[in-house]
Amino acid sequence: MTDYKPANPVLEVQDLRFYYGDSRAIHGVDITFPEKQVTALIGPSGCGKSTLLRCFNRMNDLIDISRVEGKVLLDGQNIYDKSTDIIELRRQVGMVFQKSNPFPKSIYENVIYGLRIAGEKDKALFDERVETSLRGAALWDEVKDRLHDSALGLSGGQMQRLCIARAIAVNPKVILMDEPCSALDPKSTARVEELIGELRKNFTIIIVTHNMQQAARVSDNTAFLFEGNLIEYGPTDQLFVKPQNKQTEDYITGRFG
Amino acid sequence: MNAAFLKKVKRNDQLARWVITVGGMAIIFSVIFILVLIAKVSLPLFLAPKAQLQQVVQLDRANEQIVTFGHDEYMETAYRLLDDGTTVFFNLEDGSEIDRFEPDPPAEGLTPLTVESFGRLRQAIGWSDGQLTVSQVRFKPFFDINNNNQRRIDHEIIPLALFPTPADGIPLISQARIDEEGRQTRVNRYPGNHLTLQVREVSENFLGDEEITETETTLSFNSSGTLTTLILSAAGQHLYAGTDRGELLRWYLSDTEEPKLIETVQAFADQRSITALNLVLGDVSLAVGDETGQVSTWFPVRDEMGDKKLKRIHTLSQHNGAVQKILPSPQDKSVISLGPNKLILDLMTSERFLLAFGEEEGLIDFRLSTRGDSILALTKEGRLLSWKLDIPHPEISLGTLFGKVWYEGYDEPVYAWQSSSASDDYEPKLSLAPLIFGTLKGTFYAMLFAVPLAIFGAIYTSQFARPRLREWIKPAVEVMAAIPTVIIGFLAALWLAPLIERSLGGVFLSLILLPAALMLSILAWQGARKIEPLKRLERGFEFLAIAPIIILTIAIAAACGPGLENLFFAGDLKQWLFTEMGTRYDPRNCIIIAFAMGFAVIPITFTIAEDSLSNVPNSLKAASLALGASRWQTVWRVILPSASPGIFAGTMIGFGRAVGETMIVLMATGNTAIMDLSIFNGMRPLSANIAVEIPEAPVDGSLYRTLFLSAVILFVMTFVVNTIAEIVRQRLRAKYGKF
Ligand SMILES: Nc1ncnc2c1ncn2[C@@H]1O[C@H](COP(=O)(O)OP(=O)(O)O)[C@@H](O)[C@H]1O
Ligand SMILES: [Mg+2]
């Protein structure tokens, strides 16, 4: 059921093929992500989830040998067009990484980093954004008294939420999350999952996870990838309850992966 | 895991810990050991001077009037000259008489009226008819073969000159000198400020006969006071006099017919009486003792008008009463003065008080041995006291090592390093200030050139260059570090220095053109990178475009340089710098040093900075880029701060390298110990100075020990820099986290 087309698309992927040198990692994927919903990408390790995700903010450009074919439309505009400003693109498509990676700066500076690099200098705006972003990332109450302490003093879960706060501070349309909870303990994971539920009110979220319970808990739609192919895509409740594809079923029932 | 294996693992672990601990300790201890070794050599510089009372001999005061005395260098034999002209040689250990020389007056029945003893055991005896003889006592060590090769001190009295009775009769006192050419000078003082000069010159006429010309002139002068004391220089060329109204007079006696009164100086505003005068070794500085007990030294200094005027330069110790006598040391620029109740030894140049001794002995007169290391003094009661002086390094003090010193013959106090010269009475100038300055100056310019290059190079290689390129650049730069510095110094001195000197205009032009050309090419690149074939070149191969641009720019600058010099600087930039900017252009200067030392500093700084930049985790870079930062923003805001501890450490290690670098600076600087910040002249750093001077320095001499002291300073400098560096690095690390 790869022809599932949700309403209000923000990001449309058309026949995307991705190569690491000569080896193809994504074999022609077509997928549409709806606005202000959470879409989970699941699949066994090495099936290309992260690769696909990185195509959406062109982080793959950093890999010298990479090559992309096909289209990724953000609001109808192909992000692989020559005219695309990568910096503007990454402002609209934020990213949270598997391993939390706060800068070795204060919590405050971490949050406003995106604003600073955009040339923003307004102190009042900084203060406001720091508060709203940290509140948005459900971190405010824990750190409001030590905003100017080093971010490296936070716990793992807090760091990851700080990274989320940092991503939402620039007000992106889409937030990409690559296994954001894989390095966290169950309690922190629960908090981040709760947070994702909150964030979907304002942001379109694409989350990679290989934890099916998590996908089931947080997402509205789920896409199952296997060996660089999109095997099945549909509303999460449907996909988990009634998978259309044998491979999907095998995977979610834990027969491989 | 079985128990035996576990035990083995534990044992190996223990062993490894031991080996590492012992190794680390050994390194720390050997470093400390080296420091202690060096410090130990330099430490005697600061030993306190000592005077040790050797012998006390009671002379028979009742039956004889001692007019003068003297002693040999070994403090074994002494002589005394009595008022009837007899010279008595005696054993200084027990006072027993050895020998007695009957008086040798120029005529029968004369008795000595005045005696002036000066320098090397010489005395001028004025006889009762006004004639004057100059004689010298000579002590000669003699090894007696018959008597077990024992050392004996033989002595003799050698007559040197005879002056006839002056025209004006018997003077109050006379002074006489004989110079190396045999010119005999006698100055006579009569009551009522009357001075006369007698000169006897022996010359050979064309027939080979000796001809004696005798002249006698009056030295006239105006003074409000009365003459109190005179001193004639060793060659008899200069005469100084003091009055009881604080005036100093100076004559130049070279022209016998017309001796010249050069100046009369009101030396002391309070018109205190001048009670003692003498010339410090070298006969340039005049030591003055006055009735208040103040000892000072004076020498002629150029004033505003450009005339040399006698000026008070150094103020030495203060006695608690009139200074009675001053004698110079025959070895260095120290001065011994006798006050009412003690002897004081001062070093003139550094104004360093060395010793006071002979307190409350009632001393009335004293002599110094020719080596200046022993003193014989006579008390009122006719006792002779002798002291052995132990002043290892009189000329060294913290003041002379680090402060400005007013050396003899200079017009102002200076920092100077000049360890040796041809002349004998030359005073070594051992100020470390210009050397420390030189080290810092050379290091500063080297760092100014090397650090930006190394850091920007490291940023480019680690962040922008393709990994393949990086694999080439890094080892290549590291190989730079392996070039022997002697080769770098050699090339800098013999190839680069003349090259830059020849094309100075071109060098300056390229300093302007190069950044401009780079800017332009970057702008051009921004446009060109959009074009398809160039697009592929974009990342990591920028240098392929930059290199030809740099080479081309330098070539253009070199070609235009001479024309530019003709146009704007009257054809010679060096001359223009000298006349218009007041800086001298040395061919071996800090431009050369910056280039050459760059070779020593860049590799080490580059490698460490590059490592720390590469070690910044990619996740941080990714986080920044994902937030929409450009590559440069990412480098500036994330990579650089995170790598700052390493970059800083690299810089500091480079600094340490530059501070200690010897071979390059030795060859490529002029090694002139000047204190001038100008980039156009050289310097003499501590390290090169040690290398240059240590082969020439007599072991355990002042120079030798001072060089060791400068090594300690070099050591401490690097130590301090490294410690500060480490502290700052730790701080940075705490701030930017460690990975
Ligand atoms: N930088 C890279 N260079 C080359 N191959 C890569 C790179 N990153 C990932 N791959 C390959 O691409 C495939 C997909 O990887 P990835 O997207 O990381 O999978 P997932 O995130 O689903 O585990 C894997 O076979 C992996 O080996
Ligand atoms: Mg992955």
Side-chain angles (χ1 to χ4, degrees), chain A residues 50 53-54 56-65 82-83 85-106 109-119 149-154 159 162-163 165-172 175-178 183, chain B residues 462-471 526 529-532 534-541 612-613 615-648 729-739:
Chain A
S50 301
L53 196 72
R54 285 199 302 265
F56 302 157
N57 66 347
R58 293 186 62 172
M59 282 300 274
N60 281 329
D61 288 17
L62 299 177
I63 299 160
D64 280 322
I65 50 169
K82 267 187 200 137
S83 58
D85 181 356
I86 297 184
I87 286 168
E88 188 46 42
L89 166 71
R90 289 183 185 153
R91 241 161 234 298
Q92 294 194 29
V93 184
M95 191 162 196
V96 176
F97 295 80
Q98 184 167 3
K99 202 172 150 275
S100 66
N101 50 4
F103 300 122
K105 297 169 183 285
S106 69
E109 283 297 325
N110 260 282
V111 177
I112 62 168
Y113 184 83
L115 298 171
R116 272 203 197 281
I117 55 173
D149 290 1
S150 171
L152 302 180
L154 298 174
M159 281 195 202
L162 177 64
C163 292
R166 186 173 67 186
I168 62 179
V170 289
N171 235 333
I175 301 174
L176 311 174
M177 296 184 176
D178 191 351
Chain B
S462 67
Q463 303 301 320
F464 296 92
R466 281 170 175 268
R468 279 259 308 286
L469 184 61
R470 186 173 165 241
E471 278 163 26
Q526 298 289 358
R529 64 196 278 185
K530 304 253 156 66
I531 304 163
E532 193 44 52
L534 288 172
K535 203 179 163 196
R536 249 173 255 161
L537 255 179
E538 184 184 345
R539 226 173 79 92
F541 282 101
S612 67
L613 284 163
N615 284 340
V616 174
N618 265 329
S619 66
L620 285 185
K621 203 167 152 183
S624 171
L625 291 171
L627 282 163
S630 66
R631 277 202 290 173
W632 176 244
Q633 278 177 321
T634 304
V635 167
W636 182 248
R637 290 177 183 269
V638 178
I639 313 272
L640 274 182
S642 303
S644 60
I647 293 175
F648 187 78
R729 203 171 71 86
Q730 299 286 1
R731 289 259 169 94
L732 287 173
R733 246 170 85 153
K735 195 163 164 205
Y736 294 112
K738 52 177 189 282
F739 309 104

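Every chain is numbered from 1 and lettered A, B, ... according to where its sequence line falls, protein lines coming before strand lines.
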What part of [X] gets within 4.5 angstrom of chain B, counting heavy atoms only: side chain, backbone, both, or neither?
{"X": "A:V93", "value": "backbone"}
{"X": "A:P172", "value": "neither"}
{"X": "A:F103", "value": "both"}

Using the side-chain contact (heavy atoms from CB on, under 4.5 Å) definition, which of the options A:R166, A:R90, A:R116 pairs with B:L627? A:R166
Pick from B:A629, B:S619, B:A623 with the largest number of heavy-atom pairs that fall under 4.5 Å of chain A: B:A623
So which of B:S630, B:P641, B:A622 has the biggest tally of heavy-atom pairs under 4.5 Å with chain A? B:A622
CG-NZ distance between A:N101 and B:K621, expressed to the nearest 0.5 angstrom: 13.5 Å
Heavy-atom pairs under 4.5 Å with chain B - which of A:R91, A:M59, A:M95 has more of them than the others?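 Option with the top pair count is A:M59.
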Closest heavy-atom contact between B:A626 and A:N57? CB-ND2, 4.3 Å
Using every non-hydrogen atom in the two residues, find where B:S624 and A:I117 come nearest and quote the distance to one decimal. O-CD1, 4.5 Å
